[in-house]
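I have placed the structure first, in the form of structure tokens, so that the comments after it can refer back to it.
Both backbone and side-chain heavy atoms feed into the values below; hydrogens, waters and symmetry mates do not.
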Amino acid sequence: MGKNIREVGVEDLMKVGLKLEEAEEFDKILKQVISCSKGLDAREIWRELVARKVLKPWHPHGLHQLVYYSVYNDWDASIKGPPLYWFPSLDQSKLTNLGNALEIHGPKLLGRAYKDPITSFRLFQKFTVEHPEAYWEIALKEISVVFREAPKCILDRTDKSKHGGTWLPGSVLNIAECCLLPSNHRRKEDNTVAIVWREDRCDESAVNLMTYKELREQVMLVANALDTMFSKGDAIAIDMPMTVRAVIIYLAIILAGYVVVSIADSFAAREIATRLRVSKAKGIFTQDFILRGGRKFPLYSKVLGAAPLKAIVLPAIGNDVGIPLREQDLSWKDFLSSVDYHPRPNYYSPVYNPVDAVVNILFSSGTTGEPKAIPWTQLSSIRCTAEGWAHIDLKVGDVYCWPTNLGWVMGPVILFSSFLNGATLALYQGSPLERSFGKFVQDAGVTVLGTVPSLVKAWRNTNCLEGLDWTKIRSFASTGETSNVDDDLWLSSKAWYNAIIESCGGTELSSAYIQGSLLQPQAFGAFSTATMTAGLVILDECGVPYPDDQPCVGEVGLFPLYLGASDRLLNADHEEVYFRGMPMYKGMTSSVEIERVCDQADESILETAAISVSPAGGGPEVLVSLVKVVPEFPRTASNKLLRRVLRDQIKHELSVRSRI
């Protein structure tokens with residue numbers, strides 16, 4: 001057991017790196033705070049220490065560890081929950097995007113139950129699950145989405161074959177155009193900075209800036225060039241780092257009515273080939289090399305080994321490609337020269353499509369087999385943008401940085417979240433593991449920084465950020481892996497203990513389903529809420545939902561009514577992958593309810609499994625009207641019931657009976 005914070009003294013402070021004078025001064029301040037906190041629990045003591053900025057970003061990490069763990073030394077997480085490190089204030093909460101919306105709409109939507117953004121947050125989240133139309137009516141007005149043809153309604157639930165409903169039916173738009181156009185509501189103007197970036201290891205150079213007007217003209221130039229080479233609706237791949245040019249190409253493909261195929265630049269030739277084959281791509285944008293830490297790594301050569309598609313090759317450095325190309329391929333310079341004689345090369349009339357038109361094909365990791373090809377529609381772009389508005393709290397004036405790639409879901413997420421919320425997208429065109437990245441974050445004035453836990457661990461272990469100023473960061477975000485509490489303590493301390501918004505979601509959802517919120521206290525490495533409109537239950541090993549207020553361990557089951565979630569896969573049965581075998585919940589008799597009744601019918605019954613199958617002529621699954629007694633059920637190594645095996649067995653038996 002370590003010391004309680006009241007037992008910490010000068011000697012302890014010196015052991016973690018403070019000099020005698022510093023330790024004596026710190027001890028004096030610490031004792032003052034503690035003496036004013038008599039009768040308060042550990043959370044309030046920590047809150048007061050952070051509010052008074054007793055711990056500085058430049059203090060040694062050992063000091064931050066000593067104070068944090070000493071404050072919470074006697075904390076029983078099993079009873080009180082995880083220790084909290086960040087607390088919203090009422091005044092600040094009303095300045096957040098969601099808090100401001102709650103102040104305006106809360107009294108009408110929640111009636112007398114509405115108190116303030118913090119007190120009423122959980123009630124409002126539950127309200128959005130039960131009334132998603134009301135939430136989306138608010139959110140759509142807060143982001144830069146302009147419809148060419150307005151939706152007939154927010155949600156049409158009449159088609160029962162669509163688990164997720166039909167969202168914004170009848171609406172037509174081009175989501176790339178929405179990214180590029182000025183917006184009075186979001187105060188996004190032509191001269192607003194759209195992208196800030198820096199090349200690999202150019203630490204002493206000023207950061208580069210591109211306004212929305214400049215971005216729009218570059219995107220339209222590329223869109224015109226695309227029309228000289230491809231047919232509308234073609235799938236066009238991007239396999240390159242997330243550079244300024246990659247962002248321009250991505251938006252141009254969508255603006256011109258094509259479909260982006262996202263491929264991570266880390267993939268080997270075989271993995272690239274699989275994704276090109278599944279997506280039926282007609283061409284690919286790539287680079288000659290990838291620059292990382294001053295070194296060149298081949299990329300074009302990997303693409304050559306993947307497929308005979310036409311490739312447009314960009315130079316990693318300068319304006320000229322650094323390697324010879326195949327006869328069928330084009331350099332970036334030659335590609336752009338195709339519009340040299342265009343009367344207005346920097347103007348393009350967007351191609352407008354229904355809101356559920358596919359704009360991007362992304363892929364699952366493929367670690368357990370062929371990667372699932374997941375089509376993103378324009379709805380997906382709207383979903384991830386609204387989440388950035390509600391949970392990340394992106395605003396005009398924010399500078400948003402998240403080292404990633406267009407081949408992974410976070411690439412499109414930060415692109416749309418930035419531009420449709422009027423924020424500036426920050427791109428470092430080099431390795432995020434090095435000090436050069438940290439200096440870019442400082443010099444670009446990044447205000448919202450996204451990470452993955454392994455990246456944070458690398459920064460901390462190498463001490464590469466020593467001496468840099470990250471205090472302009474007002475919040476962090478984290479996803480992809482389980483966070484480490486001590487690493488998050490280190491990260492948050494770099495920005496005066498601002499919040500780290502933990503996120504967990506999926507490519508299929510185009511967003512997170514569970515996350516943090518600036519309207520709730522936060523604990524390191526923990527989520528605090530389901531996202532807006534996301535309904536979920538935790539299922540036990542029998543598929544029975546736990547009560548909402550009961551601490552538990554189980555499998556998450558999501559409600560299907562979810563704007564932006566996928567409704568198809570290019571290379572798999574969407575219904576089979578995501579819905580079959582899941583228990584019903586609320587509103588219909590479920591397999592779980594049937595099993596409960598049958599289990600209690602006779603003491604000789606050990607266990608019951610209710611199975612549903614699709615009728616021979618197709619249609620929704622129905623309960624099997626057959627009782628079959630078996631000695632045991634098939635199970636996994638962890639003793640989980642294999643319902644799909646039972647379903648296959650009963651299907652076979654019904655098929656045999658039908659032939660008798």
Please name the pair of heavy atoms, one in [X] and one in [Y], separated by the smallest distance, quoted to 0.1 Å.
| X | Y | answer |
| --- | --- | --- |
| Phe416 | Cys384 | CB-SG, 4.0 Å |
| Ser528 | Ser517 | OG-N, 3.4 Å |
| Arg47 | Pro88 | NH2-O, 3.3 Å |
| Leu561 | Gly165 | CD1-N, 4.0 Å |
| Ser381 | Leu420 | O-CD1, 4.4 Å |

Yes or no on side chain to side chain contact (heavy atoms under 4.5 Å, CB included) for Arg383 and Trp136, after CA distance, side-chain angles and deciding distance?
CA-CA 10 Å; Arg383 176 77 197 202; Trp136 283 109; 3.6 Å; yes
Looking at side-chain heavy atoms only, is the closest gap between [X] and [Y] below 4.5 Å?
| X | Y | value |
| --- | --- | --- |
| Val452 | Thr404 | no |
| Phe267 | Arg275 | yes |
| Thr451 | Trp459 | yes |
| Asp488 | Asn484 | no |
| Val448 | Ile392 | yes |
| Gln649 | Lys651 | no |
| Glu653 | Leu626 | yes |
| Val456 | Trp490 | yes |

Using the rule given for side chain to side chain contact (heavy atoms under 4.5 Å, CB included), can you reason through Cys504 versus Phe527, listing the C-alpha separation, both sets of side-chain angles and the distance that settles it, and then say yes or no?
CA-CA 8 Å; Cys504 181; Phe527 311 104; 3.5 Å; yes
Qualifying residues under side-chain contact (heavy atoms from CB on, under 4.5 Å), relative to Lys80, sequence neighbours excluded
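Residues passing side-chain contact (heavy atoms from CB on, under 4.5 Å) with Lys80: Trp75.
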What distance do [X] atom [atom1] and [Y] atom [atom2] have between them, rounded to the nearest 0.5 Å?
| X | Y | atom1 | atom2 | result |
| --- | --- | --- | --- | --- |
| Ser364 | Ile374 | OG | CD1 | 5.5 Å |
| Ile118 | Arg122 | CD1 | CZ | 14.5 Å |
| Glu130 | Thr533 | CD | OG1 | 12.5 Å |
| Asn73 | Ile5 | CG | CD1 | 9.5 Å |
| Asn97 | Asp393 | CG | CG | 4.5 Å |
| Asn360 | Leu406 | CG | CG | 8.0 Å |

Side chains of [X] and [Y]: is there a donor and an acceptor less than 3.5 Å apart?
| X | Y | result |
| --- | --- | --- |
| Gln515 | Thr531 | no |
| Thr529 | Gln125 | no |
| Ser566 | His574 | yes |

Between [X] and [Y], is there a donor-acceptor pair closer than 3.5 Å when you use the side chain of the first and the backbone of the second?
| X | Y | result |
| --- | --- | --- |
| Asn571 | Val278 | no |
| Thr96 | Ser93 | yes |
| Thr274 | Arg270 | yes |
| Ser70 | Tyr68 | no |
| Asn421 | Thr385 | yes |
| Asp540 | Pro545 | no |
| Ser492 | Asn498 | yes |
| Ser418 | Ala423 | no |
| Tyr72 | Leu84 | yes |
| Ser510 | Gly564 | yes |

Answer with yes or no after comparing the ring centroid distance for Tyr85 and Trp496 against a 6.0 Å cut-off, counting only values under it.
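Tyr85 vs Trp496: aromatic centres not under 6.0 Å.
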Under the ring-ring contact (aromatic ring centres under 6.0 Å, His included) definition, can you give me all pairs with a residue in residues 97-129, not counting sequence neighbours?
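Passing the test, one end in residues 97-129: Phe127-His131.
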According to the ring-ring contact (aromatic ring centres under 6.0 Å, His included) rule, which pairs have a member within residues 497-523, sequence neighbours left out?
Trp46-Tyr497, His64-Tyr497
Val359/Thr377 under side chain to side chain contact (heavy atoms under 4.5 Å, CB included): CA gap, chis, key distance, verdict:
CA-CA 5 Å; Val359 294; Thr377 68; 5.9 Å; no
Is the CG atom of Leu606 crowded by more than 12 outside heavy atoms at less than 6.0 Å?
no
Hey, mind stepping through Gln378 and Asp356 against side chain to side chain donor-acceptor pair (under 3.5 Å) and telling me if it holds?
CA-CA 6 Å; Gln378 300 191 90; Asp356 60 354; over 6 Å; no
Go through the steps for Ser417 and Glu387 under the test side chain to side chain donor-acceptor pair (under 3.5 Å), then give the verdict.
CA-CA 8 Å; Ser417 296; Glu387 198 160 282; over 6 Å; no
Go through it in stages, so that I can follow the logic: the residues are Glu133 and Arg157, the test is salt bridge (charged side-chain N to carboxylate O under 4.0 Å, His left out), and I'd like the CA-CA distance, side-chain angles, deciding distance and then a yes or no.
CA-CA 11 Å; Glu133 297 96 327; Arg157 307 178 190 229; 3.0 Å; yes
Salt bridge (charged side-chain N to carboxylate O under 4.0 Å, His left out) between Arg474 and Asp398, worked out
CA-CA 9 Å; Arg474 65 181 186 87; Asp398 270 326; 2.6 Å; yes
Give the intermediate values and the outcome of side chain to side chain contact (heavy atoms under 4.5 Å, CB included) for residues Asp567 and Trp167.
CA-CA 12 Å; Asp567 60 3; Trp167 293 93; over 6 Å; no
Arg460 and Asp486 ion-paired at < 4.0 Å:
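Yes, this pair counts.
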Check the pair Glu502, Thr479 against side chain to side chain donor-acceptor pair (under 3.5 Å), reporting the backbone distance first and the verdict last.
CA-CA 6 Å; Glu502 296 281 349; Thr479 193; over 6 Å; no
